Enquirer: 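Got a structure for you, written out below as structure tokens; questions coming shortly.
All values derive from a computational prediction rather than experimental measurement. Start at 1 and go down the list; that is how both ligands and their atoms are numbered.
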Amino acid sequence: MSLRRFLPALALLLFAAPIVTAAPPLKALIVDGQMNKWHPGTAVTPVLKSCLEQTKLFEVDVATSPAAGEDMSGFAPDFKAYDVVVLNYDGDEWSAATKKAFVDYVRGGGGVVIYHSADNAFPKWPEFNEMIAVGGWGNRSETEGVYIRWRDGKMVTDAKPGKAGSHGPQHAYQLVVLAPEHPVTKGLPEKFMHSADELYDSLRGPAKNVTVLATAFSSPDQRGTGENEPMLMAIDFGKGRVFHTTLGHAGEQLQSVAFIVTYQRGTEWAATGKVTQAVPDDFPGPDEPSVRK
Ligand code: ZN
């Protein structure tokens with residue numbers, strides 16, 4: 001190659017290279033620091049972070065709160081600097097100012113992901129209960145709202161009195177997609193297996209503006225309800241979007257491709273309203289779970 005031809009090629013290489021290595025377009029914040037005694041909390045944050053980074057779509061920061069019982073008044077993440085906030089948190093109340101900033105962020109169009117037992121958090125915070133649609137434990141009951149039920153091909157709510165939040169022993173189970181045209185679930189098989197995990201049942205809450213993306217059958221043989229329980233949900237809150245996944249108890253369960261891929265897609269949707277990710281070849285079908293070790 002002559003020098004005259006080589007120089008433009010070199011220039012192209014130099015100027016094009018930064019585009020290839022540019023920072024990922026979306027900013028995500030994982031909030032952790034306190035968790036109930038049944039879950040690893042901060043110990044799985046690196047996994048939640050890495051799952052998002054693998055998509056090459058997210059630059060991920062972590063905001064860790066003070067420990068339980070410590071002064072929370074200075075805990076004030078800059079939510080509005082992010083496209084999506086992932087909650088891996090169940091602990092002390094945030095300050096009134098931080099709660100207001102979070103509500104304003106979501107109402108204004110911010111994205112939120114509720115990861116597994118983060119739906120146990122803040123049982124007496126009405127806006128939070130609206131964001132997550134339904135939650136469990138924390139002494140929730142009919143006071144916080146209804147059960148979501150899927151009967152005769154449509155979503156209904158059930159206001160009968162009762163506790164909120166339960167699960168039987170861990171087992172592998174099948175998810176059934178109910179919203180095949182939603183960006184999060186579009187292109188996924190109608191039925192796919194999740195590896196052994198808790199199957200949350202009897203969550204309850206306001207259940208407003210919620211699309212149930214996928215359910216799983218809570219079998220009485222596994223101390224379940226005999227109902228098709230909501231597992232993946234998409235909630236509109238103001239201009240914001242919330243993706244709620246009940247999957248992923250701890251590190252081992254986070255290796256399930258059913259968890260990983262729905263979490264990656266749900267987080268992108270919460271951030272932008274769209275999903276650009278392809279469904280990977282190892283995504284499970286209806287019979288066998290798929291696990292990434
Ligand atoms: Zn759990």
Side-chain angles (χ1 to χ4, degrees), residues 30-52 62 64-65 68 86-92 112-123 128-129 131-141 144 147-148 162-175 192-205 212-225 227-233 242-264 266-267 284 289 291-292:
I30 300 177
V31 175
D32 68 5
Q34 295 181 38
M35 181 43 71
N36 55 60
K37 64 183 177 186
W38 301 284
H39 293 96
T42 54
V44 293
T45 292
V47 183
L48 296 173
K49 185 171 186 278
S50 157
C51 280
L52 296 183
V62 178
T64 301
S65 77
V86 177
L87 290 189
N88 175 24
Y89 183 91
D90 177 20
D92 292 346
V112 177
V113 173
I114 301 296
Y115 155 61
H116 190 63
S117 61
D119 70 14
N120 299 191
F122 307 124
F128 183 77
N129 283 335
M131 283 179 207
I132 68 175
V134 286
W137 296 272
N139 292 320
R140 283 175 168 86
S141 69
E144 280 68 45
Y147 299 116
I148 290 177
K163 66 176 181 178
S166 185
H167 60 77
Q170 294 200 22
H171 60 287
Y173 53 86
Q174 186 187 65
L175 279 84
F192 56 92
M193 285 296 285
H194 179 41
S195 64
D197 198 349
E198 295 161 346
L199 195 166
Y200 273 14
D201 67 63
S202 309
L203 303 179
R204 61 190 313 162
V212 177
L213 302 175
T215 54
F217 180 65
S218 174
S219 170
D221 295 343
Q222 301 283 356
R223 299 206 321 265
T225 56
E227 300 277 358
N228 297 300
E229 297 284 349
M231 296 287 108
L232 306 176
M233 290 164 266
V242 181
F243 173 68
H244 179 170
T245 176
T246 64
L247 310 182
H249 172 70
E252 188 181 340
Q253 294 76 10
L254 299 189
Q255 297 177 332
S256 169
V257 177
F259 169 81
I260 295 167
V261 170
T262 54
Y263 165 67
Q264 290 170 330
T267 306
V291 172
R292 291 181 191 165

Enquirer: Would one find an N, O or S atom of Glu198, in either backbone or side chain, under 2.8 Å from the Zn ion (ligand 1)?
Expert: yes

Enquirer: I'd like to know if the side chain of Asp90 pairs up with that of His39 as donor and acceptor (distance under 3.5 Å, no hydrogens or angles considered).
Expert: no

Enquirer: With the Zn ion (ligand 1) as the reference point, give the N/O/S atom of His39 that is nearest.
Expert: NE2

Enquirer: Any side-chain donor paired with an acceptor under 3.5 Å for Asn88 and Thr45?
Expert: yes

Enquirer: We want to know whether Thr225 and Asp201 form a side-chain donor-acceptor pair, criterion being a heavy-atom distance below 3.5 angstrom.
Expert: no

Enquirer: Answer yes or no as to whether an N/O/S atom of His167 is found below 2.8 Å from the Zn ion (ligand 1).
Expert: no

Enquirer: How close do Tyr173 and Ala216 get, heavy atom to heavy atom, and via which atoms?
Expert: CD1-CB, 3.7 Å

Enquirer: Nearest N/O/S atom of His249 with respect to the Zn ion (ligand 1), by atom name, please.
Expert: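 Considering only N, O and S atoms, His249 comes nearest to the Zn ion (ligand 1) through ND1.
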
